[in-house]
Q: 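Can you keep this structure in mind? I'll have questions shortly.
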Protein chains: 2
Amino acid sequence: MSVGHTAVTTRRPVVWCDDGVDCGIRDLLNRLGDRWSVLAVVELAQGVRRFRELQRALPGISQRMLTLTVRRLERDGLVSRTVHPTVPPQVEYELTPLGHSLTHLVRAMVDWSYSHHDAIVTSRREWDEANPGSEIR
Amino acid sequence: MSVGHTAVTTRRPVVWCDDGVDCGIRDLLNRLGDRWSVLAVVELAQGVRRFRELQRALPGISQRMLTLTVRRLERDGLVSRTVHPTVPPQVEYELTPLGHSLTHLVRAMVDWSYSHHDAIVTSRREWDEANPGSEIR
DNA sequence: CAGTATCCTGAAAGATACTG
DNA sequence: CAGTATCTTTCAGGATACTG
């Protein structure tokens, strides 16, 4: 099976395989595209974190969303979860090798957004001035 | 103003500036995190596309969502829109330099997800087997 | 501390119809 | 062809309360 995005001769969609099956980009986006996953990965790239530490590192996240976020990352194999059977309980989260292989990408995203944020904000302001009353936001 | 992610000595959140203001990663994720923006950018990275071409390249997208997607990318300064006053109308979309500066990143995301999709699928299957009946998906 | 269990709301996205 | 205009649905995420 060949992959569209390796060929430059085609005009067909570049992120879909020849058989029409998604090669994974949708899976990645569905995970990283949510409100907290990237922020969690960035924080965990710094080292091991406990549940509470992670929550403090992600200002505004609810307990529920933190649980969902780390569970899904764990399910995808990006994060490992270690329970120490103490009282009170202590649970540590850590990036797996797979998770670490993502950090270059995530770092690049953070850097890009940091570098170009001003340009985007400016572009939006100009667009909004040129399109008063638009529903687009 | 210093930025958290440039310092390794801090344990504070790395993607937030010292003053607590988001440095732009959220803006990027809010745009790229939606259902179609990345796919549109990847397709436009191949060259100029008309509205219909873009729609055909994004199987499943509705007319409404394509309009919203390209408008928002245009507003952010990632895509330019050129109207040729012909009958029938002809509108061409193209990445701006800012948009092109994103393609490395998007390409890297597509490559990463292509390389690691199998590992993720496997991890999910194993996790699901180890956690029967879980709500996490 | 590290979670579950419920309930609820708003925004994103789909469906459908219409138009210059 | 390249859009608007509406209406409807879905569901991610927030709020709150409770627990081993």
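The sequence lines fix the lettering, A, B, ..., with proteins before strands; numbering per chain opens at 1.
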Q: Would you grab the first and last nucleotide of DNA chain C (5' to 3') that comes under 4.0 Å of any non-hydrogen atom in chain B?
A: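 Listing 5' to 3', DNA chain C meets chain B from C:dA13 to C:dG20.
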Q: More 5' along DNA chain D: A:Q63 or B:R50, using each one's nearest nucleotide?
A: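 Mapping each residue to its closest nucleotide by heavy atoms, the 5'-most match is B:R50.
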Q: With side-chain hydrogen bond (donor to acceptor under 3.5 Å, both in side chains) as the test, pick out the partner of B:E92 among B:H84, B:R50, B:R81.
A: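 Going through B:H84, B:R50, B:R81 one by one, the side-chain hydrogen bond (donor to acceptor under 3.5 Å, both in side chains) with B:E92 is satisfied by B:H84 alone.
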Q: Strictly by salt bridge (charged side-chain N to carboxylate O under 4.0 Å, His left out), give each pair with a member in residues 28-40 of chain B just once, sequence neighbours left out.
A: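 Of all non-adjacent pairs touching residues 28-40 of chain B, those that pass salt bridge (charged side-chain N to carboxylate O under 4.0 Å, His left out) are B:R31-B:D76.
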Q: Among A:V48, A:V79, A:L73, which residue satisfies the side chain to side chain contact (heavy atoms under 4.5 Å, CB included) criterion with A:Y93?
A: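 Passing option: A:V79.
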Q: Using a 4.5 Å cut-off on heavy atoms from C-beta on, say whether the side chain of B:S37 contacts that of B:R72.
A: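 No, too far: nothing below the 4.5 Å cut-off.
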Q: Five pairs at each end of the helix from C:dC1-D:dG20 to C:dG20-D:dC1: take the axis at both ends and give me the angle between them to 10°.
A: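 The end-segment axes of the helix from C:dC1-D:dG20 to C:dG20-D:dC1 are tilted 60° relative to each other.
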Q: Contacts to DNA chain D from residues 79-92 of chain A, heavy-atom cutoff under 4.0 Å, which residues?
A: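 Hits under 4.0 Å, by residue number: A:P89.
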Q: Please answer: with hydrophobic residues joined when any side-chain heavy atoms are less than 4.5 Å apart, are B:L28 and A:I136 in the same cluster?
A: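 In one cluster with B:L28: A:I136, yes.
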Q: Taking all non-hydrogen atoms of both residues into account, name the closest pair between B:L98 and A:W112 and its distance.
A: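 Shortest heavy-atom separation between B:L98 and A:W112 comes out as O-CZ2, 3.8 Å.
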Q: Mind calculating the distance between CZ (A:R72) and P (D:dC11) to the nearest angstrom?
A: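 The answer, rounded to whole Å, is 12 Å.
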Q: For B:R35 and A:R64, find the nucleotide of DNA chain C closest to each by heavy atoms; which residue's nucleotide sits nearer the 5' end?
A: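 Looking at the nearest nucleotide for each, A:R64 comes out on the 5' side.
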Q: How close or far is atom P of D:dA12 from atom CG of B:L29, stated in whole angstroms?
A: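 Distance, rounded to whole Å: 17 Å.
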Q: Got a sec, which residues hit ring pair (Phe, Tyr, Trp, His ring centres under 6.0 Å) with B:W127, two or more places apart in sequence or on another chain?
A: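 Ring pair (Phe, Tyr, Trp, His ring centres under 6.0 Å) check on B:W127 returns nothing, list empty.
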Q: Does A:L66 belong to the same Ile/Leu/Val/Met/Phe/Trp/Tyr cluster as A:V83, with side-chain heavy atoms less than 4.5 Å apart forming each link?
A: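 Linked within one cluster.
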Q: Side chains of A:L32 and A:L102: closer than 4.5 Å at any heavy-atom pair?
A: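 They are in side-chain contact.
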Q: Please give, in whole Å, the distance from D:dG13 C1' to A:L58 CG?
A: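 Whole-Å distance recorded here is 14 Å.
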Q: Counting only non-hydrogen atoms, which of residues 130-137 of chain A are less than 4.0 Å from DNA chain D?
A: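 Within residues 130-137 of chain A, no residue comes under 4.0 Å of DNA chain D.
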Q: List the steps and the verdict of side-chain contact (heavy atoms from CB on, under 4.5 Å) for A:V110 and A:R107.
A: CA-CA 5 Å; A:V110 172; A:R107 174 89 287 136; 3.7 Å; yes
Q: Check whether A:T67 reaches the backbone of A:Q63 with its side chain - one donor and one acceptor, N or O, closer than 3.5 Å.
A: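 Between the backbone of A:Q63 and the side chain of A:T67 there is a qualifying donor-acceptor contact (under 3.5 Å).
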Q: Above 12 or not: heavy atoms from other molecules or residues under 6.0 Å from CD of A:E129?
A: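 Enclosed: over 12 neighbouring heavy atoms sit under 6.0 Å from CD of A:E129.
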Q: Got A:H117 and B:D27 here, is their nearest side-chain heavy-atom distance under 4.5 Å?
A: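 Yes, side chains in contact.
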